[in-house]
Structure formats: C-alpha cells, structure tokens
Amino acid sequence: MEGTRLEKLQKLREKNLAYPYRFEVSHYIGEVRNKYEKPTNGEEVVVKGSVKRVSKTEEGFLVRLAENGVEMLVITEEELKTGQEYTLKGKVGRYEGKLCLYHASLETGGELQSIRLLKSSYDLEPEREEVSLGGRLVTLRSMGKALFGHLQDATGRIQIYLSKDTVGEDAFKEFEELVDTGDILGVRGRLFRTNTGELTVEVKSYTLLAKSLHAMPEKWHGLKDVEVRYRQRYLDLISNEEARRIFLIRSKLVQGVRNFLNKEGFLEVETPILQHVASGANAKPFLTYHNYLEQNLYLRIAPELFLKRLIVGGFNRVYELGKNFRNEGVDTTHNPEFTMVEFYVAYWDYTDLMDFTERLISHVLLSTIGTLKVNYKGREIDFTPPYRRYKYFELLKEKTGKGKDFFVKDLEGLRKLARDVGVPKADSLTHSKLIDKVFDLLVEDELWGPCFVLDFPRLLSPLAKTHREDPELVERFELFVAGKELANAYTELNDPIDQRDRFMQQLRENEMGDEEAMQMDEDFITALEYGMPPTAGEGIGIDRLVMIVAGVDSIREVILFPALRRL
RNA sequence: GAGCCGGUAGCUCAGUCGGCAGAGCAACGGACUUUUAAUCCGUGGGUCGCGGGUUCGACUCCCGCCCGGCUCACCA
C-alpha cells in the first residue's frame, strides 16, 4: 500500500468522510454517453485538420486531429507529423466512445466535411442536463484552479471538470489534497461539451466514495502481465478495454442461449454437482468428502444422466447451463471447471438437433455480436446455416483409404496405422481410444468452418442410441469449429438392457487401462427401466463458443478467474 | 509430466563483455481556469522471483526451487 494514500485516508477518517454508505446515481456512465452519442454507420467522409498528437497502437497510428480547436480521432497507417495539416479520408466510427475516422488515408481533393459539423451530427448537445454519476477516477489532469479527469465503469467513461468556480474554493482544495486516480468518486453536476467537443460533467459537488490505497496500472499501456491479469481480474477489467469487451460478450452470449431455449419451451433446471457416481462423460472426476454422510462424493463431470432422469419424469424439454469439473490438465482450450449447456428434447432424434443447433447458434450470434461471420485466428468463420455434414468414417476414409470395417474389426491393423501416423502410446491404447486418436490426429484440425461430424462408432459412445441403419454406429454428431469440438449430441439410448451392456463394456475398457471410461450408474438404468421416451440431447461448450465469438485463442481469456496454482 | 521462453520501481519496459540499478507513466513539491497519453520546473522510489554456488566483484555465469506463458503429452 502506498503511504501517502494511507495518510489521505486517515485525514478522511478524521473528517468522517472515509467510506460513505450510499450515493444516489442518476445513470450509469454508458447510459449518459449513449444518450448523447449517436451510433455511427461507417459513413465515408473527408476531413482536414492539424495533427495534435500521434500515438502508436495495435491498430495503427492513433491521431488527434483538430480543426479550429474541435478535435476528432483518426486511426491510420500513414505516418503523420505533429503540427502538420492533412486532408484525410476514412470511415466514421467510435473509439472508446469518441468519434473516430477509421482506415484514414491521405486525400488530395474530395468534398470536405468540417469536423465541427461532423461532430455535431453524431455528438448531440447535452443541454446542460443535470446528472449524478459514480465511477472510478482513472485519469486526472490538474491545472491549478481547474482540473479534468475521467470517471469510468464497465459501461463507459466520461470526463469530469472541476474548478474553483464550479465547486468552490474549499471543495476544490480538498479534492487536490485528498483525491487520487483510482479512487471511487460520486459527482453531481451539469453536462456540457468542452471546446474540443468532449462530453463532460461540470461538477457542482463530489463525494469520495472509496479510497484506492494502491496506484492504478499504467494509463496508456494498461496491465500486461497475464498472471496479474488473471489473479487480480478486477485490475484487468479496470485497465483493459479488451477484457471488459470479452466479458460483456460472454454475458450476452449466455443470456442469448437462455433466451432462445426459454422461448423454445425449455425448462431450466439444476441437478446435483455433488454426485455419488461421476458418469455421463469420459473424464476423471474431482473427489470430495461429505462429513455428515460420511461418504466420498464426486464433482460432476456432466449433468447428462440426471437430465435424462427428468425426461423420464415427464419434463419434455429441459436444459441446464452450468459448470462441469474434470480433473485434467490446463491449456489454451481446457480449464478444470468449465461451463456447458446441456439440453434434452423428448420425441426428437439427432437429425432434429442438427437443425435446432443451427438455429440456436444463429440466434446467439446475432443477439451478441449482430453477425453470423466472425474472424478467428486470421480466418473467417461463417455460421450461416446450413452447416456441412460429414460422416465420421467417410472423413477417415478420405484420409486413410480405409473403411469402417477396418477401424471396427482390424484391431492390429489399426494399431499399426496409429503407430504410423504418430499416435502417442499407440501400443497400449484400447480399441476405441485408437479410433478416437487417429480421428483427432488426421481429421479434427481441418474442420474449420462449422460442420457436423455424424455417425460415430458405437464403441466411443456408451450413452448414444445404436444407429437405425448400422449396428456398429450410433446416432451421434459433434459440431466442429476451428478444429475444435464445440458441441456433442445424440439420439439418446433409452433401452435399459442395451444401456447396461454399454456400461459393462466401459468397465472392461477401464480394466484395460482407460482411466476415463464411464462409470456404471445403476440408478440411471433403473430410471430407464421405467421408460424414457425417444429423446435427443446435446451439450455445447460455452467457454469455447465465447472464445470464437470474442476472437481470442486462450480459454483463460474468457473465464473471469481461471485455474491457477496457489502462490 | 517434458521442452522452450519469461519474472528488474506501483505499472510498461531497457539493462552491452561480470564492474555504482535505468527510462516513461504513476507518486511527491511547485507553476498553470477548457485539458484529454495535458504541459513546464524540481524530488523521492529497488529483497533485480526465491535459495545456493563460482568470482576481488553477480541483475548478468552455474545448480536447485517457485510462479507464469507457449508447444507437446492428457482432455472437451
């Protein structure tokens, strides 16, 4: 902690001003800005002005361009010189809320637009509306008898102006003495625009709502240290616009999923996370202990078997959006606790789900980012339905020239193939794992655009119903995007006798060394014995979907507090 | 679990061949009533991730450990 900030806090305590209980806020900051800043539409304009400052950013040079004192931002690849006058052509947009000319290039002729007029058409006059706002003071520029700063929350940022004239001599002096950047501040005053056109609160009175005892991260470069960004995510959210963007997308996306499913008549349910048998997926569970029951319990690896019990119970459409826990490694696409939505529909089969998935993804994308096309790792992904559909063994045949019979029946031949293509530990893997690994290695990475892979080998899918046309297959599909599995679905196995056989097969797989083979769940089989209607079910990985929608390549960037070792 | 890279002031980063620990921002003092990465003058600030070793001398070289990132293995 910083000594001088502690001293200021002490002075606040003496004046009984240290940590007030409440502050009446009229708007969140973003609301005020939205009210007076019209959305831009990419209009192309030519403007002329002199360069006040050039900053280097990831998007190019960020330039402050002034025409008779009125300013706008410009983002350009051109190397402009401070103090020089230029005519520039570009598209009108906003940069952190401020009017900005994007993709600006030098221009000789063209119809000139005055910056003042351009700004007045997008940035409306606030008519001295009175507002009361709270936020964190993130910048502060003191000029003796007046000062400017910016107040920020996750919805936006707004400039504040204080002078001896507006708040009075004593309050101004107190501000300079006791307030630092980083403090949470409440301000009341009237909105106006400065000479350069920036929306600003002319502060009549202010309240220091919480002192920050630590200095803020650097105002220009932000917080870069990824470890600090994950461990102290609040600092990331304060100082990095990108972090705020990602988690606002995540929130909207989750909301979009819920809205869509609710609209389609699904019931949102919650099933146990603490389970006696961790089944429903191939994964190693976390183990915990319940003192009163005097029993070990597992953290769920999937909600599947409970959701299907609810189908037995007559809830025809159910979903659960929540966390699963798998005791596995951590990398750019895996976190030990991750979020999935699983949903089940009585009387449907997996072909119904493919169409449904396309509709769901479309709805979610449009409601979060307003488009079906996203850029990911420098390539476009187009989610416009329909998605391509490939059969599992046809993809393998393309790559290996071998058909389904080879993979299902010729274990030794498969083992040799696996060795040849470089599957690690090919000598000790079980038959089903071998097929799975060969597929991963040869096919998966190439499935870039959204596509369904369907009709998986029965061996790999102990909960899926046997294919109506081929007893060696099941009615199952996975949705692949950017080489990663995003969703997994099947026509659910509802024959209890068959289900028991499949679990038994899993137990044998376990004995043969597959630690992740599924556990037998007798209670679930009992439920099936009472009769489960034909049902289709699907799970979608929310974290991965957010990664693609937000365009980031590490799962930790879309999880607020990712798993890290304790310091 | 393995390989590679990284950890230096509150933050972002330099640090040459082993020779007094550096800059910008932030902070502190001063000037400045429309600034906006404000500006100008001045000041303070370090367990160089931790622990050993080599050396007259280690941020720098060697060994071990901790934490993180990437790749791989495992997994969705």
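Chain naming here is simple, since letters A, B, ... match the order of the sequence lines and numbering starts at 1 in each.
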Both distances below 3.5 Å, Watson-Crick or wobble geometry, any strand: find the nucleotide opposite B/rG19. B/rC56

With a 3.5 Å limit on both atom pairs, tell me what B/rG51 is paired to, counting Watson-Crick and G-U wobble, or say none. B/rC63

Acceptor/donor pairs from residues 138-148 of chain A side chains to any protein atom, 3.5 angstrom cut, sequence neighbours excluded:
{"from": "A/T139", "atom 1": "OG1", "to": "A/R141", "atom 2": "NH1", "distance (Å)": "3.4"}
{"from": "A/T139", "atom 1": "OG1", "to": "A/H150", "atom 2": "N", "distance (Å)": "3.2"}
{"from": "A/T139", "atom 1": "OG1", "to": "A/H150", "atom 2": "ND1", "distance (Å)": "3.1"}
{"from": "A/R141", "atom 1": "NH2", "to": "A/Q159", "atom 2": "OE1", "distance (Å)": "2.8"}
{"from": "A/S142", "atom 1": "OG", "to": "A/E176", "atom 2": "OE2", "distance (Å)": "2.6"}

What is the per-nucleotide protein-contact pattern of nucleotides 65-71 of chain B, from the 5' end, where B denotes a base atom under 4.0 Å from a protein heavy atom, S denotes such proximity for sugar-phosphate atoms only, and - denotes neither? --SSSSS

Between protein and nucleotides 38-43 of chain B, map the contacts as a letter string: B base, S sugar-phosphate only, - none, heavy atoms under 4.0 Å, written 5' to 3'. B-----

Which residues share a ring pair (Phe, Tyr, Trp, His ring centres under 6.0 Å) with A/Y490, sequence neighbours left out: none

Can you sort out the partners of A/Y102 under ring pair (Phe, Tyr, Trp, His ring centres under 6.0 Å), two or more places apart, ordered by chain and number? none

Donor on one side chain, acceptor on other, A/T166 and A/E202, under 3.5 Å: no

Which residues pass the side-chain hydrogen bond (donor to acceptor under 3.5 Å, both in side chains) test with A/E337, sequence neighbours left out? A/K323

Using a 4.0 Å heavy-atom cut-off across all strands, classify [X] as base, sugar-phosphate, or nothing.
X      : result
A/F172 : nothing
A/N488 : nothing
A/D180 : sugar-phosphate
A/E485 : sugar-phosphate
A/K98  : base
A/G69  : nothing
A/E71  : nothing

Summary of ring pair (Phe, Tyr, Trp, His ring centres under 6.0 Å) pairs that have at least one residue in residues 539-567 of chain A, sequence neighbours excluded: none

Per the ring pair (Phe, Tyr, Trp, His ring centres under 6.0 Å) rule, what does the pair list look like for residues 65-85 of chain A, sequence neighbours excluded? none

Taking RNA chain B as the partner, which of residues 150-164 of chain A come within under 4.0 angstrom of it by heavy atom? A/H150, A/Q159, A/Y161, A/S163

Tell me every residue that passes side-chain contact (heavy atoms from CB on, under 4.5 Å) with [X], counting only those two or more places apart in sequence or in another chain.
X      : result
A/K52  : A/R64, A/A66, A/E71
A/V330 : A/P336, A/R556
A/K56  : A/F61

Does a salt bridge link A/R476 with A/E478, judged by any charged N lying under 4.0 Å from a carboxylate O? yes

